[in-house]
Amino acid sequence: MAQYNASEVESKWQKKWEESGLHSVDLKNSKKEKFYNLVMFPYPSGDKLHVGHWYNYAPADSYGRYMRMKGYNVLEPLGFDSFGLPAENYAIKTGVHPHQSITQNVNQMITQLKRIGTIYDWDKTIVTSTPEYYKWTQWLFLQLYKKGLAFKKFAPVNWCPSCKTVLANEQVQDGTCDRCKSEVTKRDLAQWMFKLSAYAEKLLDFEGLDWPEKTITMQKNWIGKSTGSEITFKAEGIEGSEENIIVYTTRIDTLFGCTYMVLAPEHPLVPIFTTTEQKKNVKQYIEKAKKITDIERSSEVREKTGVFTGSYAINPVNGEKVPIWIADYVLVYYGTGAVMAVPTHDERDYAFAKKYDLPLRIVIADKKQHGEKDGAYCEDGVLINSGTFDGMSSEDARLKITEFLAEKKAATFRTNYRLRDWLLSRQRYWGAPIPIVNCKKCGEVPVLEKDLPVELPNISDFTPLDDGKSPLSKCEEFKNCKCPKCGGPAERETDTMDTFVCSSWYYLRYPNNKLADKPFDKAMMKKWLPVDMYIGGPEHACMHLIYARFINMVMHDLGFVDFKEPFKKLVHQGMITKDGAKMSKSKGNVVSPDEFVEKYGSDVFRMYLMFMGPFQDGGDWNDKGITGISRFVERFWNLVNGKSAEKDSEAVKKALHKLIKKVGEDIETLHFNTAVAAMMEFVNLAMKEGVCEESKKILVKLIAPMAPHLAEECFEGFGEKGSVIDAPWPKYDEKMTVDNVVRLGVQVNGKVRGDIEIEKTTDQKTAIEMAKANPNVAKYLENVTVVKEIYVPGKIIGFVVK
RNA sequence: GCCCGGGUGGCGGAAUUGGUAGACGCGCAGGACUUAAAAUCCUGUUUCAGCAAUGAAGUGUGGGUUCGAUUCCCGCCCCGGGCACCA
């Protein structure tokens, strides 16, 4: 018997698969039930694949292979998310233009990906930076624009005053520019947004989704629904104008305790309320606030800072005059960007009031007689010092005070969401151009659908510009155009789109990747979507996965698709770290799979990744145990190709039925580690006891999803025709998987004192007697009183003694 | 800081509608084969005490519920992911 030569066998089968088109899926005519098995697509950064890619793709592929053996027509595509910063950074570093490098890098990645031995159907691939794809990303933008879901608004960006350029968060390190180290500030730019907030309520409905509970919780928290009231405070501006400040609160029951009010530094009314004397302080404070991140600003431990505007507002419930302050702990995105401050019943307000010596007034009583010095009491209670509302519960008061003020048009009930609109403008070159034209006469005009795509010009200098504009703005041929409406001279929008827009709809395109006249075909959508299984990292729980759901819902509401949710089942793989840290080039801890694949083969490497631990957990990379898998593959090969037994022993027979059940269930729940362990256990047993050829064939099928090349080679060795992937998944007999005789532990006062072998169906009386007969158990039952006898069939026998 | 996970032998991990903790693998120790080594095979391997039978302790930590807790509840510590321009 020849030794197993992994690299020879693997390249042989990879070639065969490709030549026979084994993995190309017939999208239209197959009679089998469809299964759309999807992994989140990678971005081609110019780096080679690292073990993290394999960790994600190999098990996901094993799942797809399993589904195919179960009889499904499996679509398993892969594409490339090729717009965005990684490609731009690579281009800046190497001097190779992204137009070129993307093609190179994609081809290189495909070559590397093929070595995994996945069943990707490369005929259905997409590359988001190609005009054939981004034409439809632009089309998508236009659909949202038509519906009023795309709009322009001023919003802050990270700004390096020294480079005079917009920075991505990634380019900001500890508040400084990662190129020149100058302090980063913020700057307001007019930018395109999608009205994500309009879908907040719809996005909260997870009905029918087979998603991890934690992901749903994270999305719910991210959307952050709260119910409360909006209250209007009247105030006098510096010009003597009467202005309304609207605040949002979930605690209107504490309104009588409001002793001051706070605006976010970016609040548009700030200049109106800032008195001449306070101008200097306020200006300084706003400048400082621009340098602090939102995470720091919302931190509850950071010392609160703020500044008085010099103006006052009137509390509508009692006519009291309260000072208007500015503080960075109030965020302009959330609520109305203004809060009524109740220091006695809000932690942050308390800290702030203490620091600036603002008055306190307790308006909610609790049982413990909470005092002013005890900090804020944030729970509900009974109202005091609240005029006619005294004695009311917080809950009632929230209703009554809002209703009372509503009559005076000073308050309304309001549901609020933390979810912000989606800012999609990027002042960068390497992205899909936003299909909008600015005409002096007609204003903002969308590009006509027939004129799509708005092609990204091949300009040579794509480094960011020093005026905060996209590099496209100096490309005259691109910028100057005709107005689609009046035909007069006009200028194109030069911002490009966030790559999350590209990735928010790619799953709709795979089955339609060759369609030239529309983004997707209705019949095809009906047949293939939604995605049955979506696998990707948990870091996408909130952003990508909310954006994709949003876009899909919009497509649904516009009648393009008839399903509301794009991903029926979702699973996150864990992250592979190296020495406890996320693998990244900058940390220099990227591990390449190549040498391991070279040495042990793809099957061993992918099984090792699966065996390392639970797929959902990830883990810290080390290669310590890989020899174990290598030995196992060798043993498996020897077993299959060695002498077969005439027939299986009873023990082997039962073990095989159990194994079929276990491996199938484990793959279905993505517990590959225990599936591999079970295979090992069986092989160990079969080595000892011998196994017949029919059973060996079953074994080969069972390992096929996890070690496809090995399985093909063995399958061929049996003289079978065709691929093992088209062999049906083995069936088992449930009766053969249950043991009638079990070993039961016997406990005395919760401590195990022995075990007995017993029929599962034994009645309580017999079982207890058998347990008492165990000499070691008997020892512990001497000279004591048994107060309770416990028998849980198949689980435990216990005695409680005194 | 906020939100979401996680913490089990020397190591990766297994076992949860509460029922014999440590499957499987790595490593290590001893043995077989070999002139020798590698490879392979066999035996042992949570810690402590004991020749053993067995006993005690033990799933980050401190409490609680229970005949019985890795599993459920409360407090604390540590690690990871996300926090809206990396994707």
In Watson-Crick or G-U wobble terms, with both distances under 3.5 Å, the base opposite B/rA49 is B/rU54

Pair A/Trp211, A/Gln219: side-chain N/O donor-acceptor within cut-off below 3.5 Å | no

Just checking A/Met543: base, sugar-phosphate only, or nothing, at a heavy-atom cut-off of under 4.0 Å?
-> base

A/Gln171 (side chain) and B/rC85 (base): donor-acceptor pair under 3.5 Å = no

Under a 3.5 Å cut-off for both distances, is B/rU40 Watson-Crick or wobble paired, and to whom?
-> B/rA32

Output yes when at least one side-chain N/O atom of A/Lys751 is less than 4.0 Å from OP1 or OP2 of B/rA57, else no.
-> yes

So, is B/rG9 syn or anti if syn means the angle is within 90° of 0?
-> syn

Of the options A/Val166, A/Thr293, A/Asn169, which is the one that meets A/Asn158 in a side chain to side chain contact (heavy atoms under 4.5 Å, CB included)?
-> A/Asn169

Looking only at side-chain N and O atoms, does A/Arg302 come under 4.0 Å of OP1 or OP2 in B/rG1?
-> no

Partner of B/rA15 under the Watson-Crick or G-U wobble criteria, both distances under 3.5 Å, comes out as none

Taking N and O atoms by type only, does the side chain of A/Glu296 place a donor or acceptor under 3.5 Å from a partner on the base of B/rG1?
-> no

Name the nucleic acid region contacted by A/Glu539, choosing base, sugar-phosphate or nothing; use a 4.0 angstrom heavy-atom cut-off, strictly under.
-> base

Both distances under 3.5 Å, Watson-Crick or G-U wobble: report the partner of B/rG80, or none.
-> B/rC4

Could you point out which residue of A/Leu670, A/Val39, A/Asn56 forms a side chain to side chain contact (heavy atoms under 4.5 Å, CB included) with A/Gln573?
-> A/Asn56

Within the pair A/Asn684 and B/rG25, is there a side-chain N or O less than 4.0 Å away from OP1 or OP2?
-> yes

Any A/Arg426 side-chain nitrogen or oxygen under 4.0 Å from OP1 or OP2 of B/rC86 = no

Ring-ring centroid check A/Phe596 A/Trp621, cutoff 6.0 Å | yes

Taking B/rC85, B/rU20, B/rG1 as options, the one with an atom nearest any side-chain atom of A/Asp498 is B/rC85

Heavy atoms under 4.0 Å, any strand shown: does A/Trp422 hit a base, just sugar-phosphate, or nothing?
-> nothing

Which is true for A/Phe83 with a 4.0 Å heavy-atom rule: it touches a base, it touches only sugar-phosphate, or it touches nothing?
-> nothing

May I ask you to evaluate whether A/Arg420 reaches the phosphate of B/rC83, defined as a side-chain N or O under 4.0 Å from OP1 or OP2?
-> no

With under 30° as parallel and over 60° as perpendicular, where do the rings of A/His540 and A/Phe500 fit, or are they tilted in between?
-> perpendicular

Can a donor-acceptor pair under 3.5 Å be found between the side-chain atoms of A/Gln191 and the base atoms of B/rC85?
-> yes

Closest-nucleotide ordering on RNA chain B, the 5'-leading residue of A/Lys795 and A/Ile790 | A/Lys795

In whole angstrom, give me the gap between the C1' atoms of B/rG10 and B/rA29.
-> 13 Å

